[in-house]
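Reviewing the structure listed below.
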Amino acid sequence: KAGVTQTPRYLIKTRGQQVTLSCSPISGHRSVSWYQQTPGQGLQFLFEYFSETQRNKGNFPGRFSGRQFSNSRSEMNVSTLELGDSALYLCASSLFGGNQPQHFGDGTRLSIL
Amino acid sequence: GENVEQHPSTLSVQEGDSAVIKCTYSDSASNYFPWYKQELGKRPQLIIDIRSNVGEKKDQRIAVTLNKTAKHFSLHITETQPEDSAVYFCAASRDSSYKLIFGSGTRLLVRP
């Protein structure tokens with residue numbers, strides 16, 4: 001069974017631009033969560049989607065948004081990029097979310113110049 | 001607010017020795033506690049998890065213990081090997097929160 005797939009793996013943007021990251025969950029998994037990983041803040045929850053509905057959102061500004069499609073694939077978007085948005089963005093999938101084991105993708109490394 | 005504290009931040013052990021990493025959570029409603037291992041440049045990998053209705057769980061050289069009263073849980077690795085070297089993260093969640101709260105990570109170094 002294929003794992004969680006994230007594209008692209010690396011991205012370089014400049015301040016003020018916007019970016020869209022993609023996540024394909026493990027086949028059959030309907031819950032997709034996004035996390036931001038930085039050396040200073042560690043792993044922080046961004047949002048979680050199930051059946052195209054956002055069920056929870058972390059403490060990030062409105063510049064961070066996401067969505068989920070009917071095939072469970074998910075995208076996250078960051079607008080008006082800031083230097084502090086440089087991070088590894090990780091996607092995780094699970095069968096139904098909640099207290100189910102979550103499996104991570106390799107992440108997208110976003111660098112802001 | 002919800003918080004998970006993890007100690008130590010770094011741990012160096014001799015190959016064959018045991019390693020213990022401890023986490024404390026603040027939300028008393030937390031009832032699911034996974035542990036992840038992240039090697040350099042790789043994805044976090046789920047290595048073991050425990051639910052609040054269980055006090056201990058083992059999987060070969062890895063075990064996790066949970067003390068609900070004290071709100072802390074620990075990862076125990078026995079007979080450590082160099083390939084155990086990685087950053088380990090604990091996490092906690094509760095029903096209907098749909099999110100994991102992570103600890104700050106422990107960098108484990110196993111010296112050959």
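Chain letters run A, B, ... following the sequence lines, proteins first, then strands; residues in each count from 1.
Residue Asn71(A) places its CG atom among more than 12 non-hydrogen atoms of other residues, nucleotides or ligands, all under 6.0 Å distant. By the 6.0 Å contact criterion, CD on Gln45(B) is open, its count of non-hydrogen atoms from other residues, nucleotides or ligands being 12 or less. Heavy-atom neighbours of Arg107(B) CZ from other residues, nucleotides or ligands within 6.0 Å: at or below the threshold of 12. Within a 6.0 Å radius of CD in Glu79(B), no more than 12 heavy atoms belonging to other residues, nucleotides or ligands are found.
Under a hydrophobic clustering in which Ile, Leu, Val, Met, Phe, Trp and Tyr are joined whenever their side-chain heavy atoms come within less than 4.5 Å, directly or via other members, Tyr36(B) and Val64(B) fall into different clusters. Linking Ile, Leu, Val, Met, Phe, Trp and Tyr whenever their side-chain heavy atoms come within less than 4.5 Å puts Ile47(B) and Leu66(B) in one cluster. Under the 4.5 Å side-chain heavy-atom criterion for ILVMFWY residues, no single connected hydrophobic cluster contains both Ile26(A) and Val32(A). By the criterion of side-chain heavy atoms lying less than 4.5 angstrom apart, applied directly or through intervening Ile, Leu, Val, Met, Phe, Trp or Tyr residues, Phe60(A) is not grouped with Leu90(A); the two fall into different hydrophobic clusters.
Ranked by non-hydrogen atom pairs under 4.5 Å with chain A, the options Ser97(B), Ser96(B), Ala91(B) are led by Ser97(B). Ranked by non-hydrogen atom pairs under 4.5 Å with chain A, the options Leu46(B), Leu100(B), Asn31(B) are led by Leu100(B). Most heavy-atom pairs under 4.5 Å with chain A: of the set Ile101(B), Asp95(B), Val87(B), Asp49(B), this distinction falls to Asp95(B). Options Gln37(A), Arg109(A), Gln6(A) differ in how many heavy-atom pairs under 4.5 Å they form with chain B, and the most are formed by Gln37(A).
Closest of all the heavy-atom pairs between Pro44(B) and Gly105(A) is CD-O, 4.5 Å.
A ring-centre distance under 6.0 Å is not found for Phe47(A) and Tyr98(B). Ring pair Phe102(B)/Phe45(A): centre-to-centre distance not below 6.0 Å.
Of the two parts of Gln38(B), only the side chain, counted from C-beta on, holds a non-hydrogen atom closer than 4.5 Å to a non-hydrogen atom of chain A. Proximity to chain B (any heavy atom under 4.5 Å) is restricted, for Tyr35(A), to the side chain, taken from C-beta onward.
Note that OG of Ser93(B) is 7.5 Å distant from CD of Gln102(A), once rounded to the nearest 0.5 Å. If you take CD on Gln44(A) and NZ on Lys99(B), they are separated by 10.5 Å, rounding to the nearest 0.5 Å.
At least one side-chain heavy atom of Asn99(A) sits less than 4.5 Å from a side-chain heavy atom of Arg51(B).
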